[in-house]
There are 2 protein chains.
Amino acid sequence: MTHSQAEENYLKAIFSISEKEGKAASTNAIAAMMQTTAASVTDMLRRLSEKNLIAYEKYRGVTLSESGHKVATALIRKHRLWEVFLVDKLGFTWDEVHEFAEQLEHVQGDALVNRLDQFLGNPKFDPHGDPIPDAQGRWTHRPQALLSTLQTGDRGVVTGVEDHTTAFLQYLDQQGLALGASLEVIERFPYDHSLRVRTHGDRELVLSEKVCQNLYVRTLNT
Amino acid sequence: MTHSQAEENYLKAIFSISEKEGKAASTNAIAAMMQTTAASVTDMLRRLSEKNLIAYEKYRGVTLSESGHKVATALIRKHRLWEVFLVDKLGFTWDEVHEFAEQLEHVQGDALVNRLDQFLGNPKFDPHGDPIPDAQGRWTHRPQALLSTLQTGDRGVVTGVEDHTTAFLQYLDQQGLALGASLEVIERFPYDHSLRVRTHGDRELVLSEKVCQNLYVRTLNT
DNA sequence: ATATTTTTTTTGACTTGTCTAAAAATAATA
DNA sequence: TATTATTTTTAGACAAGTCAAAAAAAATAT
Ligand SMILES: [Mn+2]
Ligand SMILES: [Mn+2]
Ligand SMILES: [Mn+2]
Ligand SMILES: [Mn+2]
């Protein structure tokens with residue numbers, strides 16, 4: 001009924017890989033995400049399979065079972081709620097909270113996470129703009145697009161990040177680009193796919209292709 | 001520099017045993033507190049000794065080293081701060097929080113516990129009346145005595161409990177005896193060492209010897 | 001001082017989770 | 001299709017943590 005932290009971490013990795021790619025997660029992909037060896041992954045897949053948390057066929061990759069999917073969803077819910085707590089209540093910045101949340105997500109007890117949810121005002125998104133599933137595992141969807149897909153003249157509001165690294169989050173802070181910042185694409189440079197954008201206070205920024213491919217915006221109908 | 005949850009739990013057990021008894025902790029006492037076997041304890045004592053977290057001589061019992069004492073104190077600080085959070089912020093009752101705190105106390109990161117401390121208003125006592133050491137490991141002391149030591153006519157205010165079990169805490173709730181409740185000893189029954197006391201609203205209660213030996217009060221000079 | 005009881009340690013085994021190196025299966029290429 | 005490269009699994013080993021049973025030490029009783 002309760003799973004080890006290692007098992008939970010594997011389930012989360014499998015979830016995010018097979019979600020993103022839309023297909024079974026390979027041993028190597030899991031090993032890369034977990035920063036471990038393929039041999040260790042194979043071992044763990046055998047164990048998770050015995051517990052019916054995953055569907056596993058040798059050499060064929062792996063997908064989550066119904067119960068594995070539930071565990072992974074609950075884990076993500078906890079991770080993101082704790083991140084909201086750390087930022088909203090304790091005053092941490094969005095680049096400081098991930099490692100703490102990696103630990104806090106393993107604290108067991110439905111009552112705790114549900115009270116936390118209530119205390120935080122049932123937030124639907126975490127400090128990085130990622131959706132928080134509710135107690136029944138339902139996700140809130142909202143339309144968003146990578147900034148790199150906008151055309152000249154398009155306007156949008158920053159809603160999330162694809163890259164969650166400290167380096168990127170701190171870069172955005174330096175540029176004054178927090179969640180909710182509004183942007184208008186002034187000019188596109190085909191040479192390097194960089195964009196010039198206008199943001200709050202009529203400030204202009206030039207954002208590289210890499211930045212634009214890691215920043216999500218909700219487009220505004222002008 | 002960082003220790004496993006198992007190591008931390010042993011250090012905490014050794015702390016509370018050698019603190020309470022005022023002498024070295026025996027293998028059996030540790031085993032009883034940890035709900036494990038003496039063989040497991042001996043194994044762990046060897047490991048903790050190698051890491052210089054305890055002073056250990058075979059057959060002679062064990063005491064914490066300076067660094068072991070620091071780890072144990074930090075752990076107790078975290079445990080009790082999280083308990084304050086769970087009661088004050090999330091609305092749990094004092095009998096519901098211990099198991100969650102047992103998990104939360106192992107979350108690593110000085111920044112986290114110190115921000116939590118600040119968020120909670122730097123509380124000096126936890127929901128059970130136990131003192132919370134500060135970031136430097138300093139304890140707040142306050143005079144308190146077991147209710148069983150009071151004489152007829154003495155008055156006091158409930159400051160803490162010796163027994164932390166759910167059963168006792170819920171019994172106190174039923175009797176309306178929370179921290180801060182004021183009491184006056186009306187009558188002592190030598191036969192079974194029970195007490196009749198008057199509490200708020202001039203309500204009278206009869207408290208057994210067992211209850212009186214598990215309830216701390218600060219005596220009021222009348 | 002000797003015998004008995006209690007406490008503690010040792011021994012050997014087991015589980016979880018990890019790793020390296022080697023073997024096997026699959027995929028890609030010629 | 002045969003060869004090569006990549007991916008995955010197997011095999012064997014190790015560390016942490018646990019336990020039951022046996023041996024040793026210490027404490028207690030006679
Ligand atoms: Mn995170
Ligand atoms: Mn996040
Ligand atoms: Mn507690
Ligand atoms: Mn407490």
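Just so we're on the same page: letters track the sequence lines, and every chain starts at 1.
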In whole Å, what is the span from the CZ atom of B:Arg60 to the C1' atom of C:dT6?
15 Å
Short side-chain N/O contact from A:Tyr10 to OP1 or OP2 of C:dT18, under 4.0 Å
yes
So, is B:Arg47 close to the D:dG17 phosphate, meaning a side-chain N or O under 4.0 Å from OP1 or OP2?
yes
Would you say A:Tyr56 places a side-chain N or O within less than 4.0 Å of OP1 or OP2 belonging to D:dT8?
no
Of the nucleotides D:dT8, D:dC19, C:dC19, which one has an atom closest to the side chain of B:Ser40?
D:dC19
Among D:dA21, C:dT20, D:dA25, the one nearest any side-chain atom of A:Ala39 is C:dT20
Under 4.0 angstrom between A:Thr27 side-chain N/O and D:dT9 OP1 or OP2:
yes
Going by atom types only, do B:Glu105 and B:Gln5 share a side-chain donor-acceptor pair under 3.5 Å?
no
Hey, does the side chain of A:Thr36 come within less than 4.0 Å of C:dG17's phosphate (OP1/OP2), counting only N and O?
no
Would you kindly give the CD-to-P distance between B:Glu7 and D:dA16, to the nearest whole Å?
8 Å
List the steps and the verdict of side chain to side chain contact (heavy atoms under 4.5 Å, CB included) for B:Leu195 and B:Leu147.
CA-CA 9 Å; B:Leu195 267 59; B:Leu147 177 55; 4.1 Å; yes
d(CE, B:Met44; P, D:dA16) in whole Å:
10 Å
Rounding to a whole Å, what distance do you find between A:Leu45:CG and D:dT10:P?
11 Å
Euclidean distance, atom CZ of residue A:Arg46 to atom P of C:dT16 [Å, nearest integer]:
10 Å
Would you say a side-chain N or O of B:Thr37 is under 4.0 Å from OP1 or OP2 of D:dT18?
no
If you assign each of B:Glu57 and A:Gln5 to its closest nucleotide in DNA chain C, which residue comes earlier from the 5' end?
B:Glu57
Tell me whether the guanidinium CZ or amine NZ of B:Arg46 lies under 6.0 angstrom from the six-membered ring centre of B:Tyr56 and within 45° of its axis.
no
Applying the salt bridge (charged side-chain N to carboxylate O under 4.0 Å, His left out) criterion to B:Arg77, which one of B:Asp126, B:Asp117, B:Asp110 satisfies it?
B:Asp117
With the side chain defined as heavy atoms from C-beta on, B:Lys58 is closest, among C:dT18, C:dT10, D:dT10, to C:dT10
Measure the distance from CG on A:Leu11 to P on C:dG17 and round it to the nearest whole Å.
11 Å
Pi-cation contact, A:Phe85 with A:Arg80 (under 6.0 Å, within 45°):
no
Of all the choices, C:dT18, C:dT9, D:dT8, which nucleotide is nearest to the side chain of A:Asp43 once you look at every atom?
C:dT18
Kindly say whether B:Thr159 contributes a backbone atom to a donor-acceptor pair with the side chain of B:Arg142 at under 3.5 angstrom?
yes
Using whole Å, report how far CD of A:Glu8 lies from P of C:dT16.
16 Å
Think B:Tyr59 has a side-chain N or O under 4.0 angstrom from the OP1 or OP2 of D:dA23?
no
Does a side-chain N or O from B:Asn28 land closer than 4.0 Å to OP1 or OP2 of C:dT8, or not?
yes
Rounded to whole Å, please give me the gap between CE in A:Met34 and C1' in C:dG17.
11 Å
